[in-house]
Amino acid sequence: MKSLPLSVLPGRYAVHRFAAKAPLPSEVLTADTFHISRTSEELSVLCSAALSLASEQQWGPLAGLRVRGPLDFSLVGILAELTRQLAEAGLSVFAISSFDTDYLFVREQDLPSAINALTKAGHLLDDLP
């Protein structure tokens with residue numbers, strides 16, 4: 001796979017788990033960045049770590065990386081390749097996709113290792129901390 005252009009997102013994030021039927025905390029909807037996923041098993045919310053949500057569980061603080069897009073839907077294996085490279089570096093990843101691109105979130109303290117693994121694999125990172 002060719003090298004991908006990536007950006008480090010500003011800010012700190014956390015992912016929260018709620019019960020499947022739990023109401024969405026309204027303060028999430030006023031955040032600059034958030035991602036919501038509801039299934040029959042759970043409600044997951046990714047948002048700023050500054051938000052104090054009464055969730056069952058949370059993981060964070062996280063740092064975010066964005067594949068600079070938009071990406072064409074005909075492209076295959078982008079997330080698989082990036083997560084493989086991070087897994088080989090021993091890093092856990094929370095990945096999400098939007099219509100335009102993909103995002104990877106790693107523990108904040110793992111960001112330097114993630115940057116190292118991705119640049120070593122030939123990817124181009126900007127907005128480095």
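- Here the side chains of Leu46 and Phe105 are in contact, with some heavy-atom distance below 4.5 Å.
- To the nearest 0.5 Å, the span separating CG on Leu124 from CG on Leu6 amounts to 8.0 Å.
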Stepwise side chain to side chain contact (heavy atoms under 4.5 Å, CB included) test for Glu27 and Leu53: CA-CA 9 Å; Glu27 61 265 43; Leu53 304 180; 3.4 Å; yes
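- For Ser55, the side-chain contact (heavy atoms from CB on, under 4.5 Å) partners are His16, Phe18, Gln58, not counting sequence neighbours.
- Residue Leu91 holds its CG atom at 10.0 Å from CD of Gln109, rounded to the nearest 0.5 Å.
- Taken together through direct or relayed side-chain contacts under 4.5 Å among Ile, Leu, Val, Met, Phe, Trp and Tyr, Phe34 and Trp59 form parts of separate hydrophobic clusters.
- Taking the salt bridge (charged side-chain N to carboxylate O under 4.0 Å, His left out) definition, one finds that Glu42 meets it with nothing, sequence neighbours left out.
- Among pairs with a residue in residues 31-41, those fulfilling side chain to side chain donor-acceptor pair (under 3.5 Å) read Thr39-Glu41, at least two apart in sequence or across chains.
- In terms of hydrophobic clustering, with Ile, Leu, Val, Met, Phe, Trp and Tyr side chains grouped at heavy-atom distances under 4.5 Å, Leu51 and Ile96 are assigned to different clusters.
- For Glu88, the salt bridge (charged side-chain N to carboxylate O under 4.0 Å, His left out) partners two or more places apart in sequence, or in a different chain, are Arg84.
- No continuous path of ILVMFWY side-chain contacts below 4.5 Å connects Leu62 to Val28, so the two sit in separate hydrophobic clusters.
- The distance from the OG atom of Ser3 to the CG atom of Leu118 is 11.5 Å, given to the nearest 0.5 Å.
- Under the side-chain contact (heavy atoms from CB on, under 4.5 Å) criterion, Ser97 pairs with Leu79, Asp102, sequence neighbours left out.
- There is no path of hydrophobic side-chain contacts, each under 4.5 Å, that joins Val45 to Val93.
- Tyr13 and Leu43 are members of different hydrophobic clusters when ILVMFWY side chains are connected at heavy-atom separations under 4.5 Å.
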For a side chain to side chain contact (heavy atoms under 4.5 Å, CB included) check, start with the C-alpha distance between Thr101 and Ile78, then their side-chain angles and the critical distance, and finish with the verdict. CA-CA 10 Å; Thr101 195; Ile78 292 172; over 6 Å; no
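- Counting heavy atoms from C-beta on, the side chains of Asp110 and Leu86 never come closer than 4.5 Å.
- Inter-residue side-chain proximity for Tyr103 and Leu9 is flagged as met; some heavy-atom pair is nearer than 4.5 Å.
- Residue pairs meeting the salt bridge (Lys or Arg N to Asp or Glu O under 4.0 Å) criterion with at least one member in residues 8-25, sequence neighbours excluded: Arg12-Glu108, Arg17-Glu56.
- Two residues are said to be in side-chain contact when any heavy atoms from C-beta on lie closer than 4.5 Å; Leu65 and Leu82 fail this criterion.
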